[in-house]
Protein chains: 2
Amino acid sequence: MRPLIHPAVEDLKPEAILYALSDPERVAIFAQIAGVGSTGTCTALSNLGGRVIPKSSLSQHMKVLREAGLIRGERHGVEMRNHSRCQEVDKRFPGLVAAILGAYGRPPEETNAG
Amino acid sequence: MRPLIHPAVEDLKPEAILYALSDPERVAIFAQIAGVGSTGTCTALSNLGGRVIPKSSLSQHMKVLREAGLIRGERHGVEMRNHSRCQEVDKRFPGLVAAILGAYGRPPEETNAG
DNA sequence: TCAACAGTTCCGAATTTCTGAACTATGGAA
DNA sequence: TTCCATAGTTCAGAAATTCGGAACTGTTGA
């Protein structure tokens, strides 16, 4: 198992963030993680919006979000807990994540974006 | 030659906009078009940032930007003039384009974004 | 009618994405 | 320890997408 990659704030790339959030399924995952009261485990995320996401696909989605710098994953025993890095991203690219979630109709006030 | 497709404001999709702007080459093209004093023709856009973009690739990039609703293309005689639809997009998704261009280090004040 | 020009479409090669199957890592029970 | 269950990752082949040279379309002017 390779170690997880979490880019430093100064290494965040707009193109990676935009690409990660150009997929509605990843946006749903990210919004869930950024939302309040989510455990952010893959199990909790595998059935968003009615479709069951295969776990290999979900793992790839998480990797894309992680390597874009949007979420941070930490192993806790057998499970992985994911939480958003909105505040760090917002420091680097002010208003970006909030504007994107807003465009998708995911009000930033339900998350910690912005 | 198929007619050009320009989605109506109410049909704009965030995922298409994010995808279109997740490629730095397309961002450079879009910023050039959104910038002041650009003719917006393909010829004027084929040599941005030092690399010569093959014209078939450029045509595809323009199509992606057009169908995302970010630019509008109009035939004028033999050439195509492209101009940005920032103001329309901003009405639908306030602050989105400005935040994205800002993240790429393309100050919105040099364009008509936002 | 012809040539030049601006851009589009075609199509094969290269790259990327998707997902079932196999695998790794951790924790708990016996 | 050994075995099993759980959570997620990695592999690998199929499907889809992207890239770009060549051929093409449509317009203008000679």
Side-chain angles (χ1 to χ4, degrees), chain A residues 1-6 13 15-30 32-33 38-68 70-83, chain B residues 1-6 13 15-30 32-33 38-68 70-83:
Chain A
M1 236 71 138
R2 292 161 207 161
L4 304 182
I5 294 170
H6 294 107
K13 300 264 188 298
E15 55 267 42
I17 292 174
L18 285 248
Y19 172 72
L21 297 180
S22 69
D23 180 333
E25 206 154 73
R26 275 194 297 267
V27 173
I29 293 168
F30 177 63
Q32 180 70 28
I33 292 172
S38 165
T39 71
T41 62
C42 283
T43 308
L45 295 165
S46 64
N47 195 345
L48 295 175
R51 186 177 102 93
V52 175
I53 306 174
K55 62 180 185 169
S56 57
S57 302
L58 186 57
S59 182
Q60 292 303 322
H61 283 325
M62 302 308 280
K63 184 182 177 192
V64 171
L65 290 169
R66 215 164 44 227
E67 300 191 356
L70 288 163
I71 64 175
R72 184 182 299 281
E74 293 170 358
R75 247 181 207 299
H76 281 258
V78 74
E79 72 187 15
M80 176 87 78
R81 292 187 203 155
N82 295 283
H83 52 96
Chain B
M1 235 73 139
R2 291 160 207 162
L4 304 181
I5 294 170
H6 294 106
K13 300 263 188 300
E15 57 266 42
I17 292 174
L18 285 249
Y19 173 71
L21 298 179
S22 68
D23 179 332
E25 205 155 73
R26 275 194 297 264
V27 173
I29 293 168
F30 178 63
Q32 181 71 27
I33 292 172
S38 164
T39 70
T41 62
C42 284
T43 308
L45 295 166
S46 64
N47 194 347
L48 294 175
R51 184 175 103 91
V52 175
I53 306 174
K55 62 180 184 169
S56 57
S57 303
L58 187 56
S59 182
Q60 292 302 322
H61 284 325
M62 303 307 280
K63 183 182 177 190
V64 171
L65 290 169
R66 215 165 42 227
E67 299 190 355
L70 288 162
I71 64 176
R72 185 183 299 280
E74 292 170 0
R75 251 180 208 298
H76 279 258
V78 75
E79 72 187 14
M80 177 87 78
R81 292 187 203 155
N82 295 284
H83 54 95

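In the text below, chain A, chain B and the rest are named by the order of the sequence lines, each starting its count at 1. Hydrogens, waters and symmetry mates are skipped; everything else that's a heavy atom, side chains included, is used.
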Integer-rounded Å distance: C:dG7 C1' and B:Leu4 CG:
10 Å
Quickly work out the A:Ile53 CD1 to D:dT9 C1' distance and round it to whole Å.
16 Å
Could you check how far CZ of B:Arg75 sits from P of D:dG26, rounded to whole Å?
9 Å
Going from OG on A:Ser57 to CZ on A:Arg26, what distance comes out if it is rounded to the nearest 0.5 angstrom?
11.0 Å
Is the distance from OP1 or OP2 of C:dC18 to the nearest side-chain N or O of A:Arg51 less than 4.0 Å?
no
Rounded to the nearest angstrom, tell me the gap between atom NE2 in B:His76 and atom C1' in D:dT27.
14 Å
Please examine the side chains of A:Val64 and A:Asp23, heavy atoms only from C-beta on, and report whether any two atoms are closer than 4.5 Å.
no
Tell me, do B:Ile29 and B:Leu58 make a side-chain contact under 4.5 Å, heavy atoms counted?
yes
When rounded to whole Å, the CD to P distance for the pair B:Glu74 and C:dT8 reads 14 Å
At less than 4.0 Å, is any side-chain N or O atom of A:Arg2 found next to OP1 or OP2 of D:dC11? Yes or no.
yes
Roughly, in whole Å, what's the span from OH in A:Tyr19 to P in C:dT16?
10 Å
Nearest 0.5 Å, what's the CG-CG distance between B:Asn82 and B:Leu45?
7.0 Å
Here the distance between atom P of D:dA5 and atom CD of A:Glu79, to the nearest Å, is 19 Å
Donor-acceptor under 3.5 Å (A:His61 side chain, A:Phe30 main chain):
no
Residues within residues 55-68 of chain A bordering DNA chain C, heavy-atom distance below 4.0 Å
A:Ser56, A:Ser57, A:Gln60
Could you tell me the separation between the CZ atom of B:Arg66 and the CG atom of B:Leu4, rounded to the nearest 0.5 Å?
4.5 Å
Sidechain-backbone polar pair: A:His83 side chain, A:Gly40 backbone, donor-acceptor under 3.5 Å
no
Under 4.0 Å from any atom of DNA chain C, heavy atoms only: list the residues of residues 20-29 of chain B that qualify, in numerical order.
none
Here the distance between atom C1' of D:dT28 and atom CE of B:Met80, to the nearest Å, is 16 Å
To the nearest 0.5 Å, how far apart are CE in A:Met80 and CD in A:Glu74?
9.5 Å
Rounded to the nearest 0.5 Å, the OG1 atom of A:Thr41 sits from the CE atom of A:Met62 at a distance of 8.5 Å
